[in-house]
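Note sheet for the following structure.
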Amino acid sequence: MDIIFTIASNTFRETIRNKVLYNILLFVGIIIVLSVSFGEWSVFARVQVMNDFGLAAMSLSGLLLAVFIGSSLLGKEISGKTIYLTATKPIYRANIIWGKFFGVFATLFLNFLIMSIVFGISLVASEGEITTIHIKALALLITELGVILAFSLLFSVLSSPTLAAIFTIGFYIIGHFNDLVGIGDLEEKAWLAPFLYAFNLIMPNLEFFNIRAAVVLGNPISTQYVLAAIAYGILFIAIALSLASLAFEKKDLS
Amino acid sequence: MTQKVIEVKNVTKIFNEALEKKAKTAVSDLSFEVESGAITGFIGPNGAGKTTSIKMILGLVKPTKGTVSLMGMPANNPLAREEVAFVSEQPYFYEHLSAYETLKFICNLRQFYKKEIDYEIRRVLDAVEMRQHASARVKSFSKGMQQRLNMAQALIGNPKLIIMDEPMSGMDPLGRRLFRELFKDLAEQGTTIFFSTHIVDDIETLCDKIVVLSKGKLRLQGTVEEIVKSANENAENPLSLEEILYAKHTKGEEEWI
């Protein structure tokens, strides 16, 4: 555990200096400011538009961060040979994977926290209010980012950084269309049912983490649902990181 | 009593094995042993397979065939590296860290107690005469200074075996001299040193034994004296080790150096 913490804290320090982070934070700031402006122009309630835009912007920027950092970090360590500093020590390679994950996740979390504060301030300034459903939405968003980051690390072990980034974006898109199981229940599409169920089991359904519509419309979301979704996310994080650890153990670090 | 700290048995490494056209044999049916307490030189020309062999010994690269054991355990077992350190040819460090932070990172990976870390860092920085640069960022260091830091990180925890891949490449004469003295001191303290080089002079002055590699194959192994003696049997004008290797090359027997 100490070794994972050591690698995680070093990774956190390394990634927090990454200039991409600042660019993405700037991007989020702009989006949130824009959402306030859109709220002014909109025929819909200003707060609803702000909720929708703000959460979408945070989700998108989180995705970009997870893709850029997650898919390149390990590749950069291997091509830059800094991996030798850790891999030649008496530690299991799985520790490197888990340490990298927690380090980058801490960076994502910090950014997410800053974005949440900016979002909260802009919401309150626009006469909106922060409710428990906002907290639930943010908790689910950061869990989703954890899942994306874990799969991004898995892809980076199996392929090049560029391919890993492409696969991660593909994973994000597919993950959000992974709630189509019901289509198989339609009579004319019955043949699809087994495939969709299998797909639904193997791939994480990222729509579980999206309660933006409920936030915008003010629909209640139970705490049990949020806890179950977080547990579901943690399960997929553990699966992705375990697979990444297995693959990394067999990888030649030349 | 001497022990075998490195055992390489019939090892072959083929990169890109699945892609027939791109497949490249880096090491072929290589076997040798390194015993504890000695300085063993691993010599061969560029591209001989020295670095690949070292990576297999450290468990960084898996052999296509054969077995590699380190400290009596399979090389890919992390426990085998408990008392083993590595110095790479090019120093690779995290640029955002200072020399002190880099060494602290290594101490933490080696699971030092917090109270021991400062003492250990001072000890290894003194050994490479770098204490005054402890707080400087690694990216501001010259190649020679980075290589000294590279050596310092290897000394953490007093490893029983230090494996080095051309540790003196790119160093100035002062640095080379410091390293040579350090190697001798370490050997006197019982540390086993296994280092690759293509500089015959380093081998002659430092090594108890040598392993000579060329084109991925073992060509010679033994003590410098044994090799020189056997090559100079019945010779009118005895040759030095460098001349022996060079003579073989010019005769077209093998491409050594």
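Predicted model, so just to flag it, every value in this text is computed and none were measured. Protein chains get the first letters and strands the later ones, always in sequence-line order, with residue 1 at the start of each.
- When all heavy atoms of Glu249(A) and Lys62(B) are compared, the closest pair comes out as O-NZ, 2.9 Å.
- For a residue to count as touching a neighbouring chain, one of its non-hydrogen atoms must lie under 4.5 Å from one of that chain's; by this rule Ser9(A) does not touch chain B.
- Proximity to chain A (any heavy atom under 4.5 Å) is shown, for Gln90(B), by neither the backbone nor the side chain.
- Between Lys13(B) and Asp252(A) there is a salt bridge, since a side-chain N of the basic residue sits under 4.0 Å from a carboxylate O of the acidic one.
- Residue Glu82(B) touches chain A through both its backbone and its side chain, counting heavy-atom pairs closer than 4.5 Å.
- For Leu97(B), the part lying near chain A is the side chain, with the backbone staying farther off; criterion is any non-hydrogen pair under 4.5 Å.
- For the set Ile7(A), Ile83(A), Ile91(A), the entry with the most heavy-atom pairs within less than 4.5 Å of chain B is Ile91(A).
- Checked by atom type, the side-chain pair Lys89(A)/Gln153(B) shows a donor-acceptor distance below 3.5 Å.
- Only the side chain of Ile106(B) comes within less than 4.5 Å of a heavy atom in chain A; its backbone stays farther off.
- For Asp2(A), the part sitting under 4.5 Å from any heavy atom of chain B is the side chain, from C-beta outward, and nothing else.
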Which is it for Leu253(A) and Val61(B) under the side chain to side chain contact (heavy atoms under 4.5 Å, CB included) test, yes or no, and what are the steps along the way?
CA-CA 6 Å; Leu253(A) 302 177; Val61(B) 169; 5.7 Å; no

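- For Arg93(A) against Gly59(B), the heavy-atom pair with the smallest separation is NH2-O, 2.9 Å.
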